[in-house]
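I have placed the structure first, in the form of structure tokens, so that the comments after it can refer back to it.
Small disclaimer: the values here were computed from a predicted structure and weren't measured.
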Amino acid sequence: MKKINQIIFTVALLVLPFLANAQFDGEFIKPRNGRFLLQNATIVTVTKGNIENGSVLISNGKIEAVGKNIPAGDAEVIDCTGHFIYPGMFDGGTRLGLVEVNSVPETQDYAEIGQVTPNMQALVAVNPNSVAIPVTRVSGVTTTLATPSGGLFPGTAALINLNGYTADQMYAGFKGVVLNFPSSARRSTWDRRSDEDIKKEAEKAEKTLNEIWERAVTFNQLKKADAALDYYPEMEQLAKVVAGELPLLVEVNAASDITLAIEWIQSKNVKAILTGVAEGWRVADKIAASKIPVITGPMLSIPTRNSDRFDAAYTNPGKMAKAGVKVVIRSNDAENTRNLPFNAGFAAAYGMGKEEALKAVTINAAEVFGVADRMGSIEQGKDATLFVSTGDPFETKTQIRHVFIDGYRVPMSNRHIKLYQEFLQRSPGLKEN
């Protein structure tokens, strides 16, 4: 048995180098870096219009050149005739990487025990080997905001690129503390609390929030005064929000709560982003006047009230955008973050328009997350995070042909595709009767 194991180990050492450079169905097994020239495509830059029959040169993880008649040199040429090149799409809020199977608690790592845990970092909980990541990125979604949930301050969200062996390698340069703003709305149609009980609970939660915030303000003042402080990680993290070092991601959905949240944010003079905002269309003018950006979604959702039109969720981002709100779209999912393009597609079809919907998952997101100097559009000098498609990525018939993240050409394969290929050509196959 020992001799057999030695033989197996020796064979593995001989085979592995070959597998590292092998291809399956025309695609490499693992992401690979290099110089690539994408030729003869329609380039949708997002910020500088479209370039017909253009090329993009990728080198050292960056977009080295964008335009026409770019010489290939030593770059690998990829013919994109009849195809389109888009910047990679952002999902403004998801549990991707924090949960593997929603129905299996053992795979969930997005919530901690306690109401106040802002120091809990979503980034350290991200699983780079999640099978849902390849499923997502072959849809053109290259960057997501990993968001914790549960409690008043559930933790700190982190922006990640969907390629890397470790969470640190995936980190895309943005973090924000999540606040679940106290709600005066019913939790669902099954919520049987009286109006008086709902009001009392909301007032109690708001009082708790203010007490915690005052504690954070005091902690920050003592910290600036170089006072001797005991280990208090929760206040240490909230003090960064008070000092303006980190933004606050304020989850709020009911129209009345959105108004209260805006007033609270302005009274505390804190840098904030509104998230959720399901009824933002009802108070769009107030949000626009506050100049607070919004991350909203999912669009593929039912109305918040029985009296609303069927398309209330679909039209929400468009109405806010028309009022002057900077809107980012999210899927608010884990297993189906791949559906982000279709959330944006519904927003586009129901009043937002394709151009604004595309911005909501590209440059708007990059600007809100403070990474627009590197991401969100196809421009010279920016990170080579983009994809090549056969058409509009918001349409279900469109196929994504190539994906690049930070200059790495990502394999166009995942668990779903492999299972499809396996059962499409079964061996041994089925015999006809």
Could you tell me whether a side-chain N or O of [X] sits under 3.5 Å from a main-chain N or O of [Y], the two making a donor and an acceptor?
X: Thr144; Y: Ala146; value: no
X: Asn161; Y: Asn163; value: no
X: Ser139; Y: Val141; value: no
X: Glu100; Y: Ser130; value: no
X: Asn364; Y: Val328; value: no
X: Thr117; Y: Gly114; value: no

Polar contact flag, side-chain donor to acceptor under 3.5 angstrom, [X]-[Y]:
X: Ser55; Y: Gln39; value: no
X: Asn343; Y: Ser331; value: no
X: Thr81; Y: Asp79; value: yes
X: Asn253; Y: Thr304; value: no

Neighbour count above 12 (heavy atom, 6.0 Å) for [X] [atom1]:
X: Lys286; atom1: NZ; value: no
X: Phe394; atom1: CZ; value: yes
X: Leu424; atom1: CG; value: yes
X: Lys322; atom1: NZ; value: no
X: Gln169; atom1: CD; value: yes
X: Lys223; atom1: NZ; value: yes
X: Leu419; atom1: CG; value: yes

Task: Residue pairs fulfilling salt bridge (Lys or Arg N to Asp or Glu O under 4.0 Å) with at least one residue in residues 369-379, sequence neighbours excluded - done: Lys48-Glu379, Arg374-Asp383, Glu379-Lys382
N-O pairing of [X] and [Y] below 4.0 Å:
X: Arg35; Y: Glu64; value: yes
X: Glu251; Y: Arg330; value: yes
X: Glu52; Y: Lys68; value: no

- [ ] State which residues pass ring-ring contact (aromatic ring centres under 6.0 Å, His included) with Phe153; sequence neighbours excluded, sorted by chain then number.
- [x] none
Open item on the list: Is the ring pair Phe310/Tyr350 parallel, tilted or perpendicular, if the boundaries are 30 and 60 degrees?
Closed with: perpendicular
Task: Option among Thr136, Asn102, Leu300, Asn339 that satisfies the side-chain contact (heavy atoms from CB on, under 4.5 Å) test with Asp333 - done: Asn102
Task: side-chain contact (heavy atoms from CB on, under 4.5 Å) between Gln121 and Lys175, intermediate numbers included - done: CA-CA 9 Å; Gln121 300 286 334; Lys175 289 184 179 182; 3.3 Å; yes
Task: Criterion side-chain contact (heavy atoms from CB on, under 4.5 Å) on Leu274 and Ile265, from CA distance to verdict - done: CA-CA 10 Å; Leu274 296 177; Ile265 290 166; 3.8 Å; yes
Open item on the list: Could you check whether any side-chain heavy atom of Leu159 comes within less than 4.5 Å of a side-chain heavy atom of Phe90, counting everything from C-beta outward?
Closed with: yes
